[in-house]
Amino acid sequence: MQDQSMCAGKRTPQREIWSARFWFGIGFSYSGLPAGLADGIDGYYSFEAEGAFFEASMGGEYEVMDRLTLAPSAVLGWNSGYIADGHDGANHFALSLEAITPLKDGLDLVATFAYSWAIDADPEPYPGDEALENFPFAGVALRATF
């Protein structure tokens, strides 16, 4: 019997989950845009899949009250063989809003609210697109800076 694990709500053989684990990532950002905006691009290369995934983003941080900063952002994801059995090209578009409040020097409480839209998902010819769908998500985190 094969070792089974959960991946995107489906039972998948463990060997398939590990296939994208050996990867290299790099990112660049520029914060000199008007209105306090910054843009960036992050890329990941999977040696197992022999493909790359990129995310381009734009966002900013705006202090709206003494102890509250809002950080809206937009992200566009692009698959280029990283999800080997998914379609190549634009993958998803997401909008998010973070609410950030400082707890003490170097420690923030961050609440995130976001929505992601799938782009060109077609699981019929591309089984890797099966998990590519529209969905909201939210989270709370502690962020430390040191």
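Predicted model, so just to flag it, every value in this text is computed and none were measured.
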Looking at side-chain heavy atoms only, is the closest gap between [X] and [Y] below 4.5 Å?
| X | Y | answer |
| --- | --- | --- |
| D39 | L33 | yes |
| L109 | V140 | yes |
| E63 | L70 | no |
| F53 | S46 | no |
| E50 | Y45 | yes |
| N79 | F54 | no |
| F135 | W117 | no |
| Y44 | F24 | no |

Taking [Y] as the starting point, is it possible to reach [X] by hopping between hydrophobic residues whose side chains are less than 4.5 Å apart?
| X | Y | result |
| --- | --- | --- |
| L97 | V64 | yes |
| L95 | L76 | yes |
| L142 | L68 | no |
| I119 | I83 | no |

Closest non-hydrogen atom pair, [X] against [Y]:
| X | Y | answer |
| --- | --- | --- |
| T101 | R67 | OG1-O, 2.7 Å |
| F113 | A138 | CD2-CB, 4.0 Å |
| Y82 | A49 | O-CB, 3.5 Å |
| G27 | D42 | CA-OD1, 3.2 Å |

Interatomic distance, [X] atom [atom1] to [Y] atom [atom2] [nearest 0.5 angstrom]:
| X | Y | atom1 | atom2 | value |
| --- | --- | --- | --- | --- |
| S29 | I41 | OG | CD1 | 11.5 Å |
| E61 | L37 | CD | CG | 11.5 Å |
| T69 | D108 | OG1 | CG | 8.0 Å |
| S116 | L132 | OG | CG | 7.5 Å |

For this session: Give a yes-or-no answer on whether the side chains of S96 and S73 include a donor-acceptor pair shorter than 3.5 Å.
Result: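 Side-chain D/A pair, S96 to S73: present.
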Exercise. Do H87 and D129 have a side chain donor and acceptor closer than 3.5 Å?
Worked result: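 There is such a pair between these side chains.
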Exercise. For the residue pair F28 and Y30, is the inter-centroid distance of their aromatic rings smaller than 6.0 Å?
Worked result: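 Ring-ring flag for F28/Y30: false, centres at least 6.0 Å apart.
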For this session: Any pair with a residue in residues 132-144 that passes side-chain hydrogen bond (donor to acceptor under 3.5 Å, both in side chains), sequence neighbours left out, goes on the list, sorted by first then second residue, please.
Result: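 Checked against side-chain hydrogen bond (donor to acceptor under 3.5 Å, both in side chains) - neighbours excluded - no pair reaches residues 132-144.
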For this session: Please say whether more than 12 non-hydrogen atoms of neighbouring residues, nucleotides or ligands are located less than 6.0 Å from CZ in F93.
Result: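 Counting other residues, nucleotides and ligands, CZ of F93 exceeds 12 neighbours.
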